[in-house]
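Index from 1, following the sequence. Worth saying up front: this structure is predicted, and the values here are computed from it rather than measured.
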Amino acid sequence: MNTQEKQYCMMRIRSHYPKFRGKEQVIADYILNNPQKIVHSTINQVADDLGVADSTVFRFCQRIGFKGYQAMKIALATEIVEPIQDIHENIMEHDNEKTVAEKVFRSNMKTLEDTLRVLDEPSFKHAVQAILGARKVELYGSGGSNVIAMDAYHKLIRTGISVSVQSDTHMQLMSASQLTSEDVAIIISHTGASKDMMHVLEVVQDNGVKTIGITNFAKSPLSQKVDIPLYTVSEETDYRSEALASRIAQLAMIDAIYVNVLMAKKEHGKEALQKVRKAISVKRV
């Protein structure tokens with residue numbers, strides 16, 4: 001078993017959680033809520049506690065990337081006995097400006113690294129392909145997530161794709177009502193539980209629109225209902241909420257999508273980018 005398997009057992013379970021159904025979700029909950037007990041239990045004991053077959057537990061372990069129950073248990077034991085080193089240090093009142101800056105940067109780096117670890121390659125590829133095949137891409141977000149939606153618009157418009165974004169919640173619903181099955185809606189919400197975004201999702205799905213959600217990896221209404229969920233990982237600190245910390249990961253996710261789309265469009269992408277650069281060049285001294 002490699003070091004990454006040892007260190008990120010529980011993170012793997014959490015990142016896969018939205019895809020679990022039925023017995024898999026029951027097993028996931030049991031492990032996350034009783035990691036110490038798992039370390040001292042056999043596969044038979046776990047199966048008996050949950051009322052499932054040993055083979056069901058075994059397949060669950062393989063589903064999250066381990067060879068079997070024993071490999072998963074060893075990884076979990078390592079994670080409990082030697083917790084993952086958190087490179088984010090709590091900001092103290094006596095810290096000077098440079099120290100605070102260093103801690104914020106380290107926290108951001110950890111957010112990016114954790115998000116990259118839970119990035120699901122098939123889902124990400126599916127998202128890029130959906131955008132490339134869309135007649136139009138509409139971006140949605142509320143509050144801080146709308147800032148990310150605006151940034152996504154700022155990038156994707158350079159690719160030559162027909163893309164738009166709305167800030168007002170009424171305008172969002174109006175634009176959502178006009179999308180068709182040929183379009184893609186990208187909905188950004190850290191919690192995945194924003195009423196405004198869930199209303200948008202309901203409208204676009206009624207129209208058969210392909211949906212991409214960018215949200216925190218915890219189980220949420222948005223992540224379970226969109227066609228293609230993409231996840232970010234962030235931790236709350238004394239001076240920054242989890243939602244605020246997630247912005248850096250959301251921006252990176254958008255950057256990765258933009259570069260992939262631009263590369264796939266090849267010469268057409270380059271031409272679109274040159275047109276944008278030429279158009280805005282008059283704004284420079």
Side-chain angles (χ1 to χ4, degrees), residues 18-19 115 119-143 145-217 220-232 246 249-266 268-269 271-273 275-276:
K19 299 179 182 178
T115 296
L119 183 65
D120 183 73
E121 184 176 351
S123 293
F124 185 80
K125 183 176 181 179
H126 190 189
V128 172
Q129 294 300 320
I131 292 169
L132 285 167
R135 177 184 69 98
K136 180 182 181 182
V137 175
E138 187 83 18
L139 296 146
Y140 300 96
S142 61
S145 293
N146 189 254
V147 176
I148 308 302
M150 291 294 296
D151 178 77
Y153 172 80
H154 182 255
K155 292 184 174 71
L156 291 175
I157 198 172
R158 298 165 185 262
T159 66
I161 287 174
S162 177
V163 58
S164 62
V165 63
Q166 304 289 339
S167 297
D168 180 81
T169 55
H170 288 81
M171 294 296 291
Q172 288 176 343
L173 290 172
M174 290 169 66
S175 68
S177 72
Q178 299 304 304
L179 297 182
T180 72
S181 58
E182 297 180 338
D183 304 319
V184 167
I186 301 177
I187 302 174
I188 305 167
S189 171
H190 170 69
T191 64
S194 163
K195 287 184 178 180
D196 288 335
M197 292 303 97
M198 294 308 296
H199 287 158
V200 165
L201 179 62
E202 183 179 342
V203 172
V204 296
Q205 287 187 328
D206 283 345
N207 291 341
V209 179
K210 177 76 74 174
T211 54
I212 299 171
I214 299 178
T215 184
N216 188 42
F217 70 60
S220 69
L222 182 68
S223 65
Q224 291 193 304
K225 293 183 178 181
V226 293
D227 297 312
I228 310 169
L230 298 175
Y231 302 103
T232 59
S246 74
Q250 291 173 341
L251 288 168
M253 186 75 73
I254 295 298
D255 278 349
I257 289 172
Y258 160 71
V259 173
N260 272 279
V261 168
L262 194 62
M263 287 178 63
K265 288 181 69 66
K266 298 180 180 178
H268 292 295
E271 289 175 8
L273 186 59
K275 287 181 179 178
V276 170

Worksheet item: Which residue, I188, I186, I187, forms the side chain to side chain contact (heavy atoms under 4.5 Å, CB included) with Y140?
Response: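 Of I188, I186, I187, side chain to side chain contact (heavy atoms under 4.5 Å, CB included) with Y140 is met by I187 alone.
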Tell me whether [X] contacts the main-chain N or O of [Y] through its side chain, where contact means a donor paired with an acceptor under 3.5 Å.
| X | Y | value |
| --- | --- | --- |
| Q172 | G141 | yes |
| D227 | T211 | yes |
| N146 | Q166 | yes |
| D183 | V209 | no |

Quick one: [atom1] on [X] to [atom2] on [Y], what's the gap to the nearest 0.5 Å?
| X | Y | atom1 | atom2 | value |
| --- | --- | --- | --- | --- |
| M253 | I148 | CE | CD1 | 11.5 Å |
| D196 | L201 | CG | CG | 12.5 Å |
| T169 | K195 | OG1 | NZ | 13.0 Å |
| D151 | L156 | CG | CG | 9.0 Å |
| L262 | I257 | CG | CD1 | 13.5 Å |
| F124 | I212 | CZ | CD1 | 9.5 Å |

Worksheet entry | Test side chain to side chain contact (heavy atoms under 4.5 Å, CB included) applied to L132 and N260, step by step | CA-CA 10 Å; L132 285 167; N260 272 279; over 6 Å; no
Discussion item. Atom OH of residue position Y153 - does it have more than 12 heavy atoms of other residues, nucleotides or ligands inside 6.0 Å?
Written reply: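 Check fails, neighbour count at 12 or below.
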Worksheet item: Does NZ belonging to K225 count more than 12 external heavy atoms closer than 6.0 Å?
Response: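 Not buried by this count: 12 neighbours or fewer within 6.0 Å.
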Where is the tightest heavy-atom contact between [X] and [Y], given as atom of each residue plus distance?
| X | Y | value |
| --- | --- | --- |
| K210 | H126 | NZ-NE2, 3.8 Å |
| T215 | S223 | CG2-CB, 3.9 Å |
| A185 | L179 | CB-CD1, 4.3 Å |
| T115 | A249 | OG1-CB, 3.4 Å |
| A134 | V184 | CB-CG2, 3.6 Å |
| S145 | S189 | OG-CA, 3.8 Å |

Would you say the side chains of [X] and [Y] form a donor-acceptor pair under 3.5 Å?
| X | Y | value |
| --- | --- | --- |
| Y231 | S123 | no |
| S175 | E138 | yes |
| T180 | N207 | no |

Worksheet item: side chain to side chain contact (heavy atoms under 4.5 Å, CB included) between I161 and K265: does it pass, once the steps are laid out?
Response: CA-CA 10 Å; I161 287 174; K265 288 181 69 66; 4.3 Å; yes
